[in-house]
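None of the values given here were measured: they were computed from a predicted structure. Computation of the quantities below employed the complete heavy-atom set of this structure, encompassing side-chain atoms and omitting hydrogens, waters and symmetry-equivalent molecules. In the text below, chain A, chain B and the rest are named by the order of the sequence lines, each starting its count at 1.
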Number of protein chains: 2
Amino acid sequence: MADHLPPLAALRALEAAARHGSFTRAAAELNVTQSAISHQIRHLESLWGLALFGRSGRPLTLTANGAALAPVARDFFARLSMTLESLRDDDVSGPLKISTTESFALTWLVPRLSDFNQRHPEIDVWISTTDHRVDFAINDVDLAIRVGDGVYPGLHSSLLLREYVFPVCSTQLVERLGKPQTPADLERYPLLLRNDDNRTTNWDRWLVAAGVPDLPLHHGPRFANSNMALQAAIAGQGVALVRSAHVDGNLSAAGLVRLFDIHCLADLAYYLVHPEGAQTTARIAAFSAWIQAETAQSQQRYDREVAPLTGAGNNP
Amino acid sequence: MADHLPPLAALRALEAAARHGSFTRAAAELNVTQSAISHQIRHLESLWGLALFGRSGRPLTLTANGAALAPVARDFFARLSMTLESLRDDDVSGPLKISTTESFALTWLVPRLSDFNQRHPEIDVWISTTDHRVDFAINDVDLAIRVGDGVYPGLHSSLLLREYVFPVCSTQLVERLGKPQTPADLERYPLLLRNDDNRTTNWDRWLVAAGVPDLPLHHGPRFANSNMALQAAIAGQGVALVRSAHVDGNLSAAGLVRLFDIHCLADLAYYLVHPEGAQTTARIAAFSAWIQAETAQSQQRYDREVAPLTGAGNNP
DNA sequence: GCATATCATGAGTTAATATTCATGTAATTA
DNA sequence: TAATTACATGAATATTAACTCATGATATGC
């Protein structure tokens with residue numbers, strides 16, 4: 001941006017002139033002289049070194065440059081005034097309703113919520129958990145944190161956390177059966193899997209990363225969700241594949257050990273999802289800003305602690 | 001916005017301060033004193049009458065207001081500099097590739113293209129027509145104009161034209177069979193329908209609007225697309241249901257007459273579709289701006305000429 | 001070609017912004 | 001409690017922006 005910020009009033013002039021296709025009418029709308037508009041546009045043109053309007057033919061025409069820049073200004077003004085307006089209306093009354101999965105709430109969100117409450121004591125957070133999609137209109141939810149591929153038609157989504165997966169088991173199990181030396185040894189250990197819709201893709205991906213893609217997966221019990229599999233691992237029932245957020249740095253506190261230094265990216269990631277335009281309300285913006293800062297921190301830790309060897313075994 | 005535009009430099013300060021959570025660090029980044037930042041923020045706060053930062057606790061915290069406004073500034077700066085950068089790179093070299101349906105190209109777009117060429121002689125427009133969806137990555141297309149419901153996951157879409165449908169037939173047919181007096185009379189006329197995937201919803205909707213929802217639709221030949229049905233109508237073979245853009249004001253030139261003053265909104269509308277972020281290139285922005293202005297004009301004409309009685313028979 | 005409408009431009013003025021400096025104040029840490 | 005760190009603030013100033021005015025230049029339409 002060359003250090004020189006364009007004056008906002010000049011952007012306002014650009015926007016109006018582009019919309020009207022005429023400096024004179026833009027001047028009328030903004031209650032200034034035509035000369036003012038001409039000066040402003042000229043200022044922008046020299047600032048950016050770009051022609052914004054074609055003055056040769058009489059009907060003033062936007063150049064391609066102008067056509068690209070005018071909407072930038074237009075959208076900015078629109079969003080700014082929308083945001084200011086909704087901040088003034090200020091409906092801080094009700095609680096902020098957040099929907100997420102049970103496992104994310106338990107392992108990641110709830111332990112950190114007190115920090116958010118300290119920063120924003122006036123915002124009352126309600127958390128509801130479902131493992132299924134949420135309809136914002138019907139369920140009366142302000143924000144959702146979902147596991148998925150980030151494609152949510154009609155909604156705005158932003159990536160919160162990419163997770164790594166790696167196998168763990170309890171120290172007891174290691175004492176009883178010995179520590180597996182190579183990934184291929186896992187064949188002799190009970191593997192704890194999820195059973196919903198047969199989705200074992202994370203195990204498949206990890207086995208590929210570990211170089212033993214054909215290792216059979218038929219051992220061990222199956223569980224309704226990954227939280228239960230994790231509990232079973234803690235109880236020494238076998239080897240579970242865990243995601244970074246699930247253990248989040250306190251492996252040893254739970255009596256678990258990580259097996260091998262091989263990891264891969266989980267097939268799905270966490271996204272923050274909300275209806276378009278919802279950023280404009282203060283409570284939602286506050287929570288969004290907070291959770292994005294917090295997840296960025298978590299992500300840094302995972303990248304450092306869980307997956308320090310960049311590219312080693314990653315297959316995204 | 002209360003007429004007072006916030007100074008852009010102050011927004012820059014807000015953005016940096018929000019990002020760093022510190023006036024001092026923001027000052028360092030912007031190469032000014034801490035005092036400058038403090039003044040700027042204070043200026044914004046009094047301008048908007050909103051608290052942006054909480055200064056009580058030592059770690060400076062964004063208020064909910066600040067959390068809502070900072071991203072507005074951040075996104076604006078990001079988009080502005082992205083746009084400027086891509087305008088400077090200026091890849092005006094190749095042609096602008098536009099994909100649309102055959103009927104829209106024939107009846108609406110091509111007749112108007114000379115106007116675009118006059119305004120932007122440096123932009124070489126190539127049009128390709130398919131009636132199926134287009135994959136931007138694979139088909140090497142810059143922009144698409146599609147008929148649909150506006151939901152295009154992963155793409156940006158904006159409404160271009162809502163169309164009305166109403167029945168027409170040739171003057172010859174009227175001479176031969178007489179003019180139908182009421183919608184119910186249509187039973188005695190050959191109706192020209194499309195045959196693809198049995199989609200006769202437009203006829204169904206029009207019959208509902210006309211008050212004869214149960215009129216049978218089994219007469220007449222069927223055609224591959226609505227263009228062929230229209231040609232058949234011009235040739236006097238029966239009554240066709242046309243969309244506004246298809247006839248676009250030159251009904252009588254084609255020897256057609258409109259039957260009844262009853263219309264309804266077409267089930268689908270035209271959308272301009274492109275990958276997110278593509279607005280930043282000059283050629284695409286120029287075409288977008290142009291076609292949005294042109295369609296807005298068409299829309300006005302349709303609303304005035306085709307559907308002057310607002311709400312009469314509309315069932316959207 | 002003349003009247004008209006529209007944009008360009010240079011000079012000059014007023015108002016607002018941007019910033020620094022020198023201190024003051026409040027919280028944090030040792 | 002002293003030292004430190006970070007934000008607040010009033011005064012002062014340089015710089016820029018935002019206009020207006022008067023006039024010049026260009027294209028359009030009759």
Side-chain angles (χ1 to χ4, degrees), chain A residues 1-48 50-63 65-66 70 73 77 118-119, chain B residues 1-48 50-63 65-66 70 73 77 115 118-119 121:
Chain A
M1 200 166 314
D3 199 15
H4 279 289
L5 289 175
L8 249 203
L11 292 180
R12 180 158 78 341
L14 167 61
E15 193 279 327
R19 182 155 33 82
H20 286 122
S22 152
F23 288 4
T24 309
R25 265 174 291 163
E29 177 184 309
L30 300 175
N31 292 313
V32 294
T33 60
Q34 167 271 323
S35 178
I37 305 293
S38 176
H39 280 298
Q40 308 262 34
I41 302 292
R42 175 153 285 267
H43 187 163
L44 287 182
E45 290 183 319
S46 78
L47 191 67
W48 289 333
L50 296 168
L52 299 174
F53 287 89
R55 275 87 157 186
S56 45
R58 182 50 19 180
L60 190 69
T61 51
L62 264 182
T63 63
N65 294 327
F77 289 124
Q118 271 182 7
R119 288 174 197 264
Chain B
M1 203 166 312
D3 198 17
H4 279 291
L5 290 174
L8 248 204
L11 292 181
R12 177 153 90 337
L14 167 62
E15 192 279 327
R19 182 155 33 82
H20 286 121
S22 152
F23 289 4
T24 309
R25 265 174 289 163
E29 177 184 308
L30 301 174
N31 292 313
V32 294
T33 60
Q34 167 271 324
S35 179
I37 304 293
S38 177
H39 280 296
Q40 308 263 33
I41 302 293
R42 176 153 283 267
H43 185 142
L44 286 182
E45 290 184 318
S46 78
L47 191 66
W48 289 332
L50 297 167
L52 298 174
F53 287 89
R55 275 91 156 182
S56 47
R58 183 49 18 184
L60 191 68
T61 51
L62 266 182
T63 62
N65 295 327
F77 289 124
D115 179 73
Q118 271 181 8
R119 287 173 196 264

B/F23 CZ to D/dT5 C1', in whole Å, measures 15 Å

Q.
D/dT5, OP1 or OP2 - any side-chain N/O from B/T24 closer than 4.0 Å?
A. no

Looking only at heavy atoms, the pair that brings B/I37 and B/A13 closest together is CD1-CB, 4.0 Å

Rounded to whole Å, the NE2-P distance (A/H20 to C/dC7) equals 12 Å

Taken to the nearest whole Å, CD/B/E45 to C1'/D/dC7 is 12 Å

Would you sort out whether A/L11 and A/L44 count as a side-chain contact (heavy atoms from CB on, under 4.5 Å), showing the intermediate values?
CA-CA 8 Å; A/L11 292 180; A/L44 287 182; 4.2 Å; yes

Whole-Å distance, A/I41 CD1 to D/dA18 C1', equals 14 Å

Between CG of A/L60 and C1' of D/dT28 the distance, given in whole Å, is 15 Å

Ignoring hydrogens and geometry, is there a side-chain-to-backbone donor-acceptor pair from B/T61 to A/R119 under 3.5 Å? no

When rounded to whole Å, the CZ to C1' distance for the pair A/R25 and C/dC7 reads 13 Å

Applying side chain to side chain contact (heavy atoms under 4.5 Å, CB included) to A/H39 and not counting sequence neighbours gives A/S35

When every non-hydrogen atom of A/E15 is compared with those of A/A73, the smallest separation belongs to CB-CB, 4.3 Å

A/R42 CZ to C/dC7 P, in whole Å, measures 13 Å

Per-nucleotide protein contact along nucleotides 15-21 of chain C, 5' to 3', at a 4.0 Å heavy-atom cut-off (B base, S sugar-phosphate only, - neither), is --SSBBB

A/L44 CG to C/dA8 P, in whole Å, measures 13 Å

Taking 4.0 angstrom as the limit, do A/E29 and A/R25 come out as a salt bridge?
no

